[in-house]
Amino acid sequence: MDGLNYLTYQEPIDSIAEQRKAIMQQPKFRRLSTLPLINVPCPFCSLLCDDLVIHNRAGQLRVEKHGCPKAIAEFERPPTICAPRIRGSDATMEDAVAHIASMLRAAKRPLYSGLGTDVAGMRAVLPLAERTGGVLDHMHGEGIMRHTLALQDSGWMSTTLTEIKNRADLLIFVGTDVIHDYPRFFERVVWNQHSLFGPKPERREIVYLGRQLNTAPGRSPKGRNPLHIDCDIRQLAQIIALIRTLLKGNSIKARRVAGVPTSVLWTLAERMKNARYGVLIWSPASLDFPHADIVIQVLCNLVTDLNNFTRFSGLSLGGNDGSVTATNVCTWQSGYPLRTSFGRGYPEYDPWRYSTDRLLAHRAVDVLIWISSFSARIPPVVPKIPIVVLAVPHLKLRQEPEVFIPVATPGVDHDGQLFRCDGVVALSVRRLRNSPLPSVAKIVAAIYESL
Ligand code: SF4
């Protein structure tokens with residue numbers, strides 16, 4: 001279902017002739033027509049739904065089908081155009097680029113953060129960071145770090161959205177309801193109409209572990225409620241450890257662990273053992289407490305244990321704003337994931353030392369280059385550290401940066417590629433309207449040329 005089949009997603013295309021026909025119907029070939037654009041991929045969260053129907057009326061986009069509230073708000077935002085600014089005054093693009101280049105020439109250690117961009121944008125940032133001895137981190141760097149630490153320490157057995165859609169019969173959401181960050185997750189992946197190998201999707205069993213979660217989307221189309229085990233996510237490691245103990249056949253004297261009755265966890269352990277294809281799903285961004293990477297590691301170990309009984313996988317949901325894309329590109333270009341510095345002339349990875357907050361708090365960098373081409377995320381402000389912002393034009397800044405350049409959004413204003421939240425599938429996103437705004441890749445390449 002991955003790769004070329006993203007064109008249709010629900011129904012795989014069989015023959016080459018049908019593939020050609022489907023490709024000719026893609027937005028790329030129809031974007032300037034008055035017809036609605038079909039099968040449009042959405043770049044506004046890393047679920048990358050690719051079934052939206054969007055109308056372009058003189059540059060104003062309207063989502064006609066399959067848009068969640070987030071997608072509708074972003075796609076239907078009236079196009080905004082503004083000039084680049086230097087210290088708050090309008091400037092030409094050439095002057096803004098030249099000013100950034102002069103700042104970078106004088107800088108000892110620039111920080112490239114935010115990094116909300118597509119594959120081409122990130123590919124342009126890497127050489128610039130290398131040449132200027134810069135440090136790379138993402139706006140969702142904390143979540144990325146938890147994910148990466150667990151992966152590098154013990155590895156994991158993970159699955160994809162497509163596998164879940166086609167095989168899973170038991171889904172356990174750990175510390176996340178998913179729906180907040182990925183609004184159409186249940187519609188697209190859990191309660192989908194067709195499944196190639198698994199049981200009928202409406203028979204899937206849903207379990208939530210955590211507190212204050214929105215469990216309503218976990219109710220099946222036939223009205224079966226999910227099981228919600230209410231617990232403090234800071235005590236997840238104890239709960240998971242107990243389930244692992246029960247799986248090994250050990251008896252437990254305690255009646256409750258982390259406030260949860262042992263009998264409930266024993267029932268859950270049995271259900272896990274008897275699943276045909278179970279999946280543990282977590283979001284590193286939601287596990288926001290000290291040493292949460294250890295919880296992720298314990299979850300990975302639980303998945304390994306369960307494979308002694310049945311087929312079980314984990315799914316660590318990558319974050320939004322191009323964070324999976326930025327991590328993947330950094331890894332394949334430099335050999336290291338994010339939170340890597342080129343300050344010594346070679347890539348040096350350190351997930352603690354090279355965090356944006358830490359570097360700024362210790363004034364260990366002298367320029368911040370902030371990139372945000374999907375959402376209006378503002379950069380952290382630290383006195384005496386000049387900031388360059390390459391971001392969407394509607395960004396409302398608390399403080400005027402040294403230089404601001406408005407940039408285009410991939411999947412709206414220009415074509416691009418993005419990685420999905422499961423980290424393994426890259427999708428092409430399309431230009432939906434004519435826009436005078438430059439891409440991040442173009443601006444960063446121009447800065448590099450001006451150095
Ligand atoms: S769930 Fe995410 S990718 Fe899908 S339409 Fe909503 S914002 Fe876009």
Side-chain angles (χ1 to χ4, degrees), residues 1-2 5-10 26-27 31 36-56 61-77 116-119 139-140 143 160-162 164-165 171 173 176-193 201 206 213-214 216-218 281 283-286 315-326 328 372-377 392 394 408-433:
M1 191 63 76
D2 299 334
N5 288 346
Y6 75 84
L7 298 176
T8 53
Y9 202 77
Q10 296 280 353
Q26 286 308 294
R31 62 189 165 218
L37 310 170
I38 61 168
N39 293 339
V40 176
C42 169
F44 293 112
C45 86
S46 54
L47 202 54
L48 295 181
C49 303
D50 55 359
D51 61 347
L52 276 70
V53 178
I54 294 184
H55 219 131
N56 177 350
L61 303 177
R62 287 270 175 265
V63 179
E64 298 202 342
K65 278 190 195 164
H66 303 150
C68 68
K70 186 176 188 177
I72 292 171
E74 293 292 350
F75 276 117
E76 298 193 357
R77 187 186 300 283
T117 183
D118 61 350
V119 168
M139 63 178 88
H140 302 310
T160 65
L161 301 184
T162 312
I164 294 174
K165 184 176 161 180
L171 297 170
F173 295 88
T176 177
D177 53 27
V178 173
I179 207 75
H180 179 74
D181 288 329
Y182 309 94
R184 294 181 65 205
F185 186 88
F186 280 83
E187 175 198 335
R188 296 269 298 169
V189 182
V190 182
W191 307 130
N192 46 302
Q193 292 191 340
I206 308 297
L213 302 175
N214 176 6
I281 299 170
S283 164
S286 302
L315 180 69
S316 179
L317 289 169
N320 294 330
D321 290 292
S323 66
V324 186
T325 303
N328 286 3
S372 183
S373 64
F374 299 104
S375 63
R377 288 283 290 235
V392 288
H394 54 271
T409 298
V412 178
D413 302 313
H414 65 84
D415 294 346
Q417 283 83 34
L418 290 169
F419 278 86
R420 213 169 58 179
C421 55
D422 51 8
V424 292
V425 176
L427 291 187
S428 293
V429 292
R430 304 288 183 207
R431 177 164 72 99
L432 306 179
R433 65 184 174 205

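Counting convention: from 1, in listed order, for ligands and their atoms alike.
- The pair R184-D51 meets the salt-bridge criterion, with a side-chain N (NZ, NE, NH1 or NH2) lying under 4.0 Å from an Asp/Glu carboxylate O.
- For R420 and D50, the salt-bridge test fails: no basic side-chain N is under 4.0 Å from an acidic carboxylate O.
- Note on C45: not counted as a metal contact of atom 8 (Fe) of ligand 1, no N/O/S atom lying under 2.8 Å.
- Counting only heavy atoms of the protein, atom 8 (Fe) of ligand 1 lies nearest to C42 SG, 2.3 Å.
- For D422 and T160, the side-chain atoms include no donor-acceptor pair closer than 3.5 Å.
- Ion pair D413/R431 not flagged as a salt bridge, since none of the NZ, NE, NH1 or NH2 atoms sits closer than 4.0 Å to an Asp/Glu carboxylate oxygen.
- For atom 7 (S) of ligand 1, the nearest non-hydrogen atom of the protein is C68 SG, 3.5 Å.
- Distance from atom 1 (S) of ligand 1 to its nearest protein heavy atom, with residue and atom name: R184 N, 3.4 Å.
- Every heavy atom of G67 sits 4.0 Å or more from the atoms of ligand 1.
- Each of V424, L315, V425, L48 was evaluated against L161; a single residue qualifies, L315, per the side chain to side chain contact (heavy atoms under 4.5 Å, CB included) test.
- The nearest N, O or S atom of C49 is closer to atom 4 (Fe) of ligand 1 than 2.8 Å.
- If you check which protein heavy atom lies closest to atom 5 (S) of ligand 1, you get A71 CB, 3.6 Å.
- A donor atom on one side chain and an acceptor atom on the other are not found under 3.5 Å apart for H180 and N214.
- In summary, the atoms of ligand 1 found under 4.0 Å from a heavy atom of L48, numbered by their order in the structure, are 3 (S).
- Of all non-hydrogen atoms in F419 and T325, the two that sit nearest each other are N-OG1, 2.9 Å.
- Below 4.0 Å from some heavy atom of P183 lie the following atoms of ligand 1, by number and element: 1 (S).
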